[in-house]
Amino acid sequence: AQSVTQLGSHVSVSEGALVLLRCNYSSSVPPYLFWYVQYPNQGLQLLLKYTSAATLVKGINGFEAEFKKSETSFHLTKPSAHMSDAAEYFCAVRLGTTDSWGKLQFGAGTQVVVTP
Amino acid sequence: GAVVSQHPSWVICKSGTSVKIECRSLDFQATTMFWYRQFPKQSLMLMATSNEGSKATYEQGVEKDKFLINHASLTLSTLTVTSAHPEDSSFYICSARGPPGHSEQFFGPGTRLTVL
């Protein structure tokens, strides 16, 4: 079975400070991993994805994530937080069994608050 | 490209009535779409997988007679909440499996359903 765990339901960062959102995965097969962002009352927007190519993945809005197999992690970072980064962030793994290919398993989400 | 729309964006209905929510892939064909439910400050819960031209596959615990899904064309899936009750009030989000070359799902903006 595949799953993701996001550590920390809330993260508060100062504007200009590093943003670090933690995601650990569990998977019996090479995983496809995703980070999505959700603004209030909106759908999800893809930030970046890992699909077994480069382990350091760069996404939109200055975010990046590094796939570390030894640590089963896919943490999301941004060097300098902006007020517009305040949102809910979800880590997800794509399920790979025959009858569930394409489904996503989401983490519980991390709410990011950016303070001036 | 790969835009998914939902209609309506919000709906208020009386208890006992049925509500239909549409999910459309605007610029690509989506043989598979997914329906999620999201309660306030929670993660997305997959309700069902909608496959064009065949019956939807429901997740465990989701009542298929209450949440009717129809995927009659390659660009449209509908979710009908039948005999809605206040506990059905939620944020419903659809997504579509991306076109060839895309490993991610593309999400609609969501529909806020309030049942009085």
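Note that this is a predicted model, so its numbers are computed, not measured. We name chains A, B, ... by the order of the sequence lines, and we start the count at 1 in each one.
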Options B:P109, B:S9, B:G108, ranked by heavy-atom pairs under 4.5 Å with chain A, top entry: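 When all of B:P109, B:S9, B:G108 are compared, B:P109 has the most.
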If I measure from the heavy atoms of chain B, does [X] come under 4.5 Å with its side chain, its backbone, both, or neither?
X: A:Y39; answer: neither
X: A:F34; answer: side chain
X: A:Q105; answer: neither
X: A:L46; answer: side chain

Which answer fits B:T32, side chain, backbone, both or neither, if we ask what part of it has an atom under 4.5 Å from a heavy atom of chain A?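 Answer is neither: B:T32 stays 4.5 Å or more from chain A.
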Does any heavy atom of chain A fall under 4.5 Å from the side chain of B:Q6, the backbone, both, or neither of them?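 Nothing of B:Q6, per the 4.5 Å heavy-atom cut-off to chain A.
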Any side-chain donor-acceptor pair under 3.5 Å between [X] and [Y]?
X: B:Q29; Y: B:E52; answer: no
X: B:W10; Y: B:T114; answer: no
X: B:Y36; Y: B:Q105; answer: yes

Just wondering, more than 12 heavy atoms not from B:K64 lying within 6.0 Å of its NZ?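 It does not: B:K64 NZ has 12 such atoms or fewer within range.
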Heavy-atom count check: over 12 atoms from other residues, nucleotides or ligands less than 6.0 Å from B:R112 CZ?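 Yes - once you tally the heavy atoms of other residues, nucleotides and ligands closer than 6.0 Å, there are more than 12.
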Are B:R97 and B:E104 within salt-bridge range, i.e. N to O under 4.0 Å?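 Judged by the 4.0 Å cut-off on N to carboxylate O distance, B:R97 and B:E104 do not form a salt bridge.
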